[in-house]
Amino acid sequence: EEAMAALVAERSEVGRLNELLAAQHLVVKEQEKTISAHHELLVTLKVELVDKSEKTEQLKRQVGLMEKAQLREKAAIMETMQNQNLSLIHISEPTRLLSISYAVFCLKKKKREDENNYDDRK
């Protein structure tokens, strides 16, 4: 009888350990699902980060090109002003509405030297 009782107790212990093992197995499966979901999220975030980084670099290049174009425009305007005997009164701040950038230049025709001399004689 003692051997029988020990066998029953041992089987009961084995059953309990099997239940614990099955529960641990379920916990591990859930953790694997969570890790997989986190991995997918990290991959998505990395792709978004690379995409945003590329867009940032593209915008920097576009801004650089726009700044160079503005400098060329200013140089052309200054050359035109000198050729046309104009003086610059005011330049508005460039605006960037949508893809168009513009500024307003106020110019004044310079008096000629002979006009200045005539005015001085009056």
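Hydrogens, waters and symmetry mates are skipped; everything else that's a heavy atom, side chains included, is used.
In this structure, CD on Glu73 lies 10.0 Å from CE on Met66, to the nearest 0.5 angstrom.
Not counting sequence neighbours, the partners of Leu17 by the side chain to side chain contact (heavy atoms under 4.5 Å, CB included) test are Glu13, Leu20. Shown here are the salt bridge (Lys or Arg N to Asp or Glu O under 4.0 Å) partners of Glu57, two or more places apart in sequence or in another chain: Lys60. Applying the salt bridge (Lys or Arg N to Asp or Glu O under 4.0 Å) test to Lys29 and every residue at least two apart in sequence or in another chain returns Glu32. With sequence neighbours left out, Leu45 forms a side chain to side chain contact (heavy atoms under 4.5 Å, CB included) with Leu41, Glu48. Listed by chain and residue number, Val50, Asp51 satisfy the side chain to side chain contact (heavy atoms under 4.5 Å, CB included) test with Glu54 (two or more places apart in sequence, or in another chain). When the side chain to side chain contact (heavy atoms under 4.5 Å, CB included) test is applied to Gln58, the partners found at least two apart in sequence or on another chain are Arg61, Gln62.
Lys46 has its side chain out of reach of Leu42: every pair of non-hydrogen atoms, C-beta onward, lies at least 4.5 Å apart.
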(Q) Working note: Lys33 + Glu30, criterion salt bridge (Lys or Arg N to Asp or Glu O under 4.0 Å); need CA distance, chi angles, decisive distance, verdict. (A) CA-CA 5 Å; Lys33 288 179 187 176; Glu30 286 301 315; 3.6 Å; yes
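The closest donor-acceptor contact from the side chain of Thr56 to the backbone of Lys52 lies under 3.5 Å.
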